[in-house]
Amino acid sequence: MQTLIVVDVEADGPVQGDHSMVCFGAVTVKDLKTFYGEVKPISPLYIPSALAVSGISREQHEQFRDPKEVMLEFEDWIKEQSVKGKPTLLSDNNGFDAAWINWYFHKYLGRNPFGWSSRRIGDLFCGFNKDLYYGWKKHRVGKHTHHPVDDAMGNATALQYLLKQGFKI
């Protein structure tokens with residue numbers, strides 16, 4: 001099986017570059033190994049209500065590490081986890097999570113180990129169940145807390161459920 005990595009991102013606004021990623025989590029689907037990264041703001045702009053979702057204050061956010069260092073560590077972790085082919089990024093909302101990860105990788109490293117594509121978890125469930133409105137989130141294990149590792153873990157366990165049903169990824 002190709003290496004599948006679920007990613008979840010918390011940010012202080014909706015627009016990469018204008019706003020900043022706050023933290024992110026990643027979980028391998030196969031064995032639930034985790035990565036957590038916190039990055040300092042790259043912009044003075046932020047939306048307090050967006051930042052509040054993460055439970056992190058602006059003062060705390062300003063103390064986080066340089067994005068380049070964190071993205072290099074994340075890239076190394078991805079390489080360590082990847083046993084076969086290019087890894088695949090999966091998320092609950094690719095328009096948000098995958099977009100932030102892609103932007104930060106390209107901005108700070110000039111490359112993205114996931115490449116240009118990703119998969120949305122809900123679409124996989126909908127296709128498998130032949131139901132455009134299938135409620136896949138009921139298969140998550142654990143609470144959706146807005147801590148990115150918790151949320152990525154819940155999504156990874158939902159994917160494990162799908163694999164046990166015979167879905168081939």
Side-chain angles (χ1 to χ4, degrees), residues 3-29 31-82 86-124 136-137 140-159:
T3 303
L4 306 174
I5 299 175
V6 177
V7 175
D8 187 74
V9 170
E10 300 299 329
D12 66 10
V15 181
Q16 299 90 8
D18 285 349
H19 301 105
S20 305
M21 185 162 59
V22 177
C23 54
F24 64 96
V27 177
T28 59
V29 173
D31 50 11
L32 304 179
K33 291 183 180 175
T34 64
F35 182 91
Y36 177 65
E38 298 175 327
V39 294
K40 70 180 178 183
I42 61 168
S43 167
L45 303 176
Y46 71 100
I47 300 170
S49 59
L51 179 60
V53 170
S54 69
I56 294 167
S57 71
R58 181 66 175 187
E59 293 75 27
Q60 290 170 305
H61 189 196
E62 290 170 341
Q63 300 304 310
F64 290 169
R65 296 177 48 224
D66 179 81
K68 184 173 184 174
E69 293 173 13
V70 177
M71 298 313 287
L72 280 168
E73 287 177 9
F74 186 37
E75 180 182 52
D76 287 344
W77 181 86
I78 292 166
K79 288 177 183 176
E80 288 173 15
Q81 307 315 311
S82 298
K86 184 171 37 173
T88 300
L89 184 154
L90 300 107
S91 72
D92 179 3
N93 180 355
N94 286 3
F96 187 82
D97 301 299
W100 280 97
I101 293 298
N102 183 59
W103 193 89
Y104 267 71
F105 267 131
H106 281 285
K107 171 76 176 167
Y108 293 101
L109 305 187
R111 60 191 176 271
N112 180 349
F114 291 112
W116 293 103
S117 59
S118 59
R119 298 285 180 256
R120 186 178 153 308
I121 297 166
D123 293 341
L124 298 176
W136 69 274
K137 293 179 181 181
R140 290 174 169 162
V141 174
K143 288 188 170 193
H144 191 80
T145 65
H146 288 290
H147 185 287
V149 172
D150 291 346
D151 296 352
M153 183 67 73
N155 293 337
T157 58
L159 282 166

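- Minimum interatomic distance between Leu51 and Ile56 (heavy atoms only, all atoms of both residues): CG-O, 3.3 Å.
- Of all heavy-atom pairs spanning Pro14 and Ile47, the tightest one is CD-CD1, 3.6 Å.
- A search for ring pair (Phe, Tyr, Trp, His ring centres under 6.0 Å) contacts involving Phe24 returns Phe35, Phe74, not counting sequence neighbours.
- Between Ser54 and His146, the closest side-chain pair of non-hydrogen atoms is not below 4.5 Å.
- The closest side-chain heavy-atom distance from Pro67 to Lys40 is below 4.5 Å.
- Contact detail for Gly17 and Ser43: the closest heavy-atom pair is O-CB, 3.9 Å.
- No donor-acceptor pair closer than 3.5 Å links the side chain of His61 to the backbone N or O of Glu38.
- You'll find the side chain of Val15 stays beyond 4.5 Å of the side chain of Trp103, heavy atoms only.
- Around atom CZ of Arg119, no more than 12 heavy atoms belonging to other residues, nucleotides or ligands sit under 6.0 Å away.
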* Asked: Stepwise, does the salt bridge (Lys or Arg N to Asp or Glu O under 4.0 Å) test hold for Glu80 with Lys33?
  -> CA-CA 11 Å; Glu80 288 173 15; Lys33 291 183 180 175; over 6 Å; no
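- Minimum interatomic distance between Phe64 and Val22 (heavy atoms only, all atoms of both residues): CD1-O, 3.7 Å.
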* Would you check, one step at a time, whether the test side-chain contact (heavy atoms from CB on, under 4.5 Å) holds for His147 with Tyr36? => CA-CA 10 Å; His147 185 287; Tyr36 177 65; 3.6 Å; yes
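- Using a 4.0 Å cut-off between charged nitrogen and carboxylate oxygen, Arg65 and Glu73 count as a salt-bridge pair.
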* Report the C-alpha separation of Glu59 and Gln63 in whole Å, then their side-chain angles, then the decisive distance to 0.1 Å, and conclude whether the side-chain contact (heavy atoms from CB on, under 4.5 Å) test is met. => CA-CA 7 Å; Glu59 293 75 27; Gln63 300 304 310; over 6 Å; no
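- Expressed to the nearest 0.5 Å, how far CD of Glu75 lies from OG of Ser82 amounts to 10.5 Å.
- Tyr104 OH to Ser20 OG: the interatomic distance, rounded to the nearest 0.5 Å, is 4.5 Å.
- Atoms CD1 and CG, from Ile101 and Asn94 in turn, are 11.5 Å apart once rounded to the nearest 0.5 Å.
- One finds the CD atom of Glu10 at 8.0 Å from the CG atom of Asp97 (value rounded to the nearest 0.5 Å).
- The salt bridge (charged side-chain N to carboxylate O under 4.0 Å, His left out) test with Arg140 is passed by exactly one of Asp151, Asp150, Asp92: Asp92.
- Atom CG in Leu72 sits 12.0 Å away from atom OH in Tyr108 (nearest 0.5 Å).
- Residues passing the ring pair (Phe, Tyr, Trp, His ring centres under 6.0 Å) test with Phe114: none are found, sequence neighbours excluded.
- Side chains of Trp136 and Asn155 form a contact here, defined as non-hydrogen atoms less than 4.5 Å apart.
- Nearest approach of Ala99 to Gln16, heavy atoms of both residues: CB-NE2, 3.4 Å.
- Ile78 is listed as a side-chain neighbour of Ile5, based on a closest heavy-atom distance under 4.5 Å.
- Taking the side chain as every heavy atom from C-beta outward, Leu90 and Leu124 approach each other to under 4.5 Å.
- Contact record, Gly13 with Ala50: N-CB, 3.8 Å, taken as the closest heavy-atom pair.
- For the pair Asp66 and Lys68, the salt-bridge criterion is not met [side-chain N within less than 4.0 Å of a carboxylate O].
- How far CG of Asn93 is from CD1 of Ile121: 10.5 Å, rounded to the nearest 0.5 Å.
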